[in-house]
Amino acid sequence: MASRKAGTRSKAAAKRAQRGSSNVFSMFEQSQIQEFKEAFSCIDQNRDGIITKSDLKETYSQLGKLNMKDEELDEMLKEGKGPINFTVFLALFGEKLNGTDPEESILNAFKLFDPNGTGHVNKDEFKQLLLTQADKFTPEEVEQMFSVTPIDVAGNIDYKSLCYIITHGDEKED
């Protein structure tokens, strides 16, 4: 009897999890889901439909970070509360993106480069920072970013508009 009850409980829990995750697809536009699918495929190194510790380790290795600690990888995987398939992956991003204010965080970061509070940063100065500081961009990445960046005739980036594009997408895409 106890085993039958346990089996019923796990079926009920599975149905609740399925209901909760089925709504995750409505949180994103189709183009965003496609981008997440591409990202998932890049991380799922062995193409088995589940992101594992070895998948994460290989992904980090390809990105140049060779010394990932198993504890860090385990922490990442624990966020999924079980095997990380695409639906769980999407739900994790939905949780991270909803309930937070990433646009405000990005704006605050740009404000560091705008001490006068003009809402603009100089394109050339910003390009130099991107190419030389912290997680350095390649020249191709900088050009790709600038292709969707609102830049005025004086060569200044309207970072408020850029933050909107980063967090909501570029209306011109489709």
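Keep in mind that the numbers below use all heavy atoms, side chains included, and drop hydrogens, waters and symmetry copies.
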Item to check | Gln32 to Glu29 - nearest heavy-atom pair and separation | outcome: OE1-N, 2.8 Å
Checklist entry - Any donor and acceptor pair, going by atom type alone, linking the side chain of Thr149 with main-chain N or O of Ile151 inside 3.5 Å? => result no
Item to check | Test item: Asp44 side-chain N/O and Ile51 main-chain N/O as donor-acceptor pair under 3.5 Å | outcome: no
Checklist entry - Does any donor atom in the side chain of Gln45 or Ser54 lie under 3.5 Å from an acceptor atom in the other side chain? => result no
Checklist entry - When you check the side-chain N and O atoms of Gln128 and Gln133, is any donor under 3.5 Å from an acceptor? => result no
Checklist entry - Could you walk me through whether Gln34 and Glu38 pass the side-chain contact (heavy atoms from CB on, under 4.5 Å) check? => result CA-CA 6 Å; Gln34 186 58 39; Glu38 290 171 20; 3.7 Å; yes
Checklist entry - Mind checking whether Phe36 and Phe40 have ring centres under 6.0 Å apart? => result no
Checklist entry - Strictly under 6.0 Å, is that where the ring centroids of Phe126 and Phe137 end up? => result no
Checklist entry - How far apart are the C-alpha atoms of Met76 and Leu56, what are their side-chain angles, what is the distance that settles it, and do they pass the side-chain contact (heavy atoms from CB on, under 4.5 Å) test? => result CA-CA 9 Å; Met76 289 179 203; Leu56 288 175; 4.2 Å; yes
Considering only residues two or more places apart or on different chains, which pairs with a residue in [range] satisfy salt bridge (Lys or Arg N to Asp or Glu O under 4.0 Å)?
range            : result
residues 148-163 : none
residues 78-94   : Glu75-Lys78, Glu79-Lys96
residues 45-61   : Lys53-Asp74, Lys57-Asp70

Checklist entry - Can you tell me if CD on Gln62 sees more than 12 non-hydrogen neighbours from other groups inside 6.0 Å? => result yes
Checklist entry - What do the steps show when you test Lys136 against Glu141 for salt bridge (Lys or Arg N to Asp or Glu O under 4.0 Å), and what is the final call? => result CA-CA 10 Å; Lys136 298 174 185 148; Glu141 290 169 327; over 6 Å; no
